[in-house]
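Taking it in order: structure first as structure tokens, then the write-up.
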Amino acid sequence: MKCNFMLLLSLGYLLCCSCSKDDTSFEDKDLPDSIPPATIPSKGFFVANEDWYGHTNSTVNYFYNGGKIVYRVYQKANPAETLGITTQFATIYGDYIYFLSKQGNRLVVADAKTLKKKIALETIGQGDGRAFVGVSPEIGYISTSHEILVYDIKRFKILNVIDGTGSTATDVYTGQVGLMCRIGNYVFAVKQGQGVFVIDANTNKLLKTISCTGIGSLTQSKDGFLWISVYGEGIWKVDPYSLAIMEKIPLVEDVQVEDPWWGAWSAAGLKSSTKKNILYWYTNNGVIARYDIDKKELTPEFFDPKYADGSRTGMYGGRFGIDPLTDDFVVTSSNDVIVYDSNKTLIKDYDVKGGYGPVDEEDQVYPFWFQAMPFFEDNNSPFITVNRFVLAPNERKEICLSDIVVDADNMSKSIIKDISYDNKDNLVSYELKNDSLIITATSKVGNTNFYLYAQSNGKGTKKKISVIVK
């Protein structure tokens, strides 16, 4: 009898709790957001080099944060192989490094950890290599001096040309395609003399062109907008979803983003910080300018990088890069690499020598590097922090996905997000709109879930998220 009494008492307690206003049933327990894992720091960074034209093919060096330099790391990993001639672009996407060159091995793909060669192609469509952008873990785009190519990442194979991106001119310096970036459902690509191509990232179809004949470069800012440099007209802010030009910021001659130099193309142009809503660029006046987007504040001569002895660097190639983890500036000249923090304080002046050793020990003659651009490791993966959403019946909740998806070495706005769900219970409806998820509850109460996917620079994750209507 005692056992039956205790059983009834327990059942009564459970029933009372499940119907109370302060519900503590399993589905409705407080479930705090997950804490992102500790950031994996980088050990250093890479610099791709044109190298000494006429003497050697292009190369890539690795710079440890402590000061050590490892020269010609691609050749060390692949003794019988070389990069192309006049390499001007390199980036890491997913598991691989992509090197684009103007002659020779125009496309080289290497393992991002070991630098072992995966593929080297001398012919890529009808043009010379310019840049690469990852579209998804399966597909990337290659820009050339003539067109845009679709590249199969898994099979290391060029698939086709994107219709409408090619040039009818036979001159290699007419109708080139330069830098590219993906934002949301679109890939944006700079087309010499025409403007910015807008390509559907899901169908690989050219949708339209944002016209501007003086187009130079582009970048995505931390707040998610597209920015393009238009020589002679300044910088333009573009809504990457509606494709509307939101703002045109005129710049006087000395502050212009430098002439794109299509005749000697490089990856110079607009740069963006991943930590602050700020743009930087190398100007016609030979210094780095800064534009604070939030404050709408232009600093024409923000930074004039100098060596440790106080002399000017004379920036070369892509001029500089911004470390996505530390926000440090990595400045390249023809033969030197200097690192500053975001407050312009000198961190390290690397003494870059030849790697072969001196050609003549008495005269201490070293090969020239002609450094094209720095590029950075991608050691961290995207992480989804949220575990559940709670709504009242008929409530509509709009969630900024960049607030709940993070990646330590990439901007949250640049992360590609998607959802999937089984809506048989008809409890809520879902809508993806730009960078937001809208959840609308019906009049019913209950529990359901959906999956949120996040893809950041070729690395993906997914998470099952609960939705509770009560």
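As the structure is a computational prediction, the values presented were derived from the model and not from experiment.
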Open item on the list: Do Arg130 and Gln176 pair up side chain to side chain, a donor and an acceptor below 3.5 Å, judged on atom types alone?
Closed with: yes
- [ ] Using a 4.5 Å cut-off on heavy atoms from C-beta on, say whether the side chain of Val467 contacts that of Phe450.
- [x] yes
Task: Tyr421: ring-ring contact (aromatic ring centres under 6.0 Å, His included) partners, not counting sequence neighbours - done: Tyr430
- [ ] State plainly whether the residues Glu258 and Arg319 are in salt-bridge range, i.e. N to O under 4.0 Å.
- [x] yes
- [ ] Would you mind reporting whether Val150 and Tyr141 have side-chain heavy atoms less than 4.5 Å apart?
- [x] yes
Open item on the list: Can a side-chain donor-acceptor contact be found between Asp409 and Asn380 if the only test is distance below 3.5 angstrom?
Closed with: yes
- [ ] Run the salt-bridge test on Arg106 and Asp128 with the 4.0 Å N-O cut-off and return the result as yes or no.
- [x] yes
Task: Side chains of Ser221 and Trp227, donor plus acceptor under 3.5 Å - done: yes
Open item on the list: One thing to verify: whether Asp223 and Lys413 come together as a salt bridge, which I'm taking to mean a side-chain N less than 4.0 angstrom from a carboxylate O.
Closed with: no
TODO: First locate atom CD1 of Ile415, then atom NZ of Lys459, and finally report the distance between them rounded to the nearest 0.5 Å.
DONE: 12.0 Å
- [ ] Apply side chain to side chain contact (heavy atoms under 4.5 Å, CB included) to Ile288 and Trp281, showing your working.
- [x] CA-CA 5 Å; Ile288 296 174; Trp281 61 90; over 6 Å; no
Open item on the list: Could you measure the distance from the NZ atom of Lys191 to the CD atom of Glu147? Nearest 0.5 Å is fine.
Closed with: 8.0 Å
Task: Between Ser101 and Thr86, a side-chain donor and acceptor under 3.5 Å - done: no
- [ ] Would you please classify the geometry between the Phe303 ring and the Tyr340 ring as parallel, tilted or perpendicular, with 30° and 60° separating the classes?
- [x] perpendicular
Task: Check: Thr345 main-chain N/O paired with Asp341 side-chain donor or acceptor under 3.5 Å - done: yes
- [ ] Classify the ring geometry between Phe45 and Phe376 as parallel (under 30°), tilted (30 to 60°) or perpendicular (over 60°).
- [x] tilted
Task: With sequence neighbours excluded, residues passing side-chain hydrogen bond (donor to acceptor under 3.5 Å, both in side chains) with Lys154 - done: none
- [ ] Identify whether the distance between the nearest side-chain nitrogen and carboxylate oxygen of Glu138 and Arg155 falls below 4.0 Å.
- [x] no
Open item on the list: I want to know whether Tyr96 and Phe156 have ring centres closer than 6.0 Å.
Closed with: yes
Task: Between CZ on residue Phe188 and CD1 on residue Ile228, distance to nearest 0.5 Å - done: 10.0 Å
Task: Distance-only polar pair, side chains of Tyr93 and Asp378, donor-acceptor under 3.5 Å - done: no
Open item on the list: Is the positively charged end of Lys417 above the ring of Tyr453, judged by distance under 6.0 angstrom from the centroid and angle within 45° of the axis?
Closed with: no
Task: Spacing of Ser143 atom OG and Leu179 atom CG [to the nearest 0.5 Å] - done: 7.0 Å
Task: Reported CD1-to-CH2 distance for the pair Ile245 and Trp236, which is rounded to 0.5 angstrom - done: 4.5 Å
Open item on the list: How long is the straight-line distance from CG of Asp328 back to CD1 of Ile322, given to the nearest 0.5 Å?
Closed with: 10.0 Å
Open item on the list: For Glu395, give me all partners under side-chain hydrogen bond (donor to acceptor under 3.5 Å, both in side chains), at least two apart in sequence or on another chain.
Closed with: none
Task: Side chains of Asp327 and Ser273, donor plus acceptor under 3.5 Å - done: yes
- [ ] Assess the side chains of Asn277 and Tyr291: does a donor N or O sit below 3.5 Å from an acceptor N or O?
- [x] no
Open item on the list: Quick check on Lys444: does its NZ atom have over 12 non-hydrogen neighbours (other residues, nucleotides or ligands) under 6.0 Å away?
Closed with: yes
Task: side-chain hydrogen bond (donor to acceptor under 3.5 Å, both in side chains) partners for Ser229, two or more places apart - done: Ser217
- [ ] Would you kindly say whether Thr448 and Asp425 are connected by a side-chain donor-acceptor distance under 3.5 Å?
- [x] yes
- [ ] Sequence neighbours left out, what pairs pass side-chain hydrogen bond (donor to acceptor under 3.5 Å, both in side chains) with at least one residue falling in residues 31-49?
- [x] Ser34-Asn387, Ser34-Lys463, Asn49-Thr59
List, one per line, each side-chain donor-acceptor pair under 3.5 Å for residues 115-125, sequence neighbours excluded.
from   : atom 1 : to    : atom 2 : distance (Å)
Lys116 : NZ     : Ala77 : O      : 2.9
Lys117 : NZ     : Glu81 : OE2    : 3.2

Task: Ring center gap for Phe329 and Tyr280 short of 6.0 angstrom - done: yes
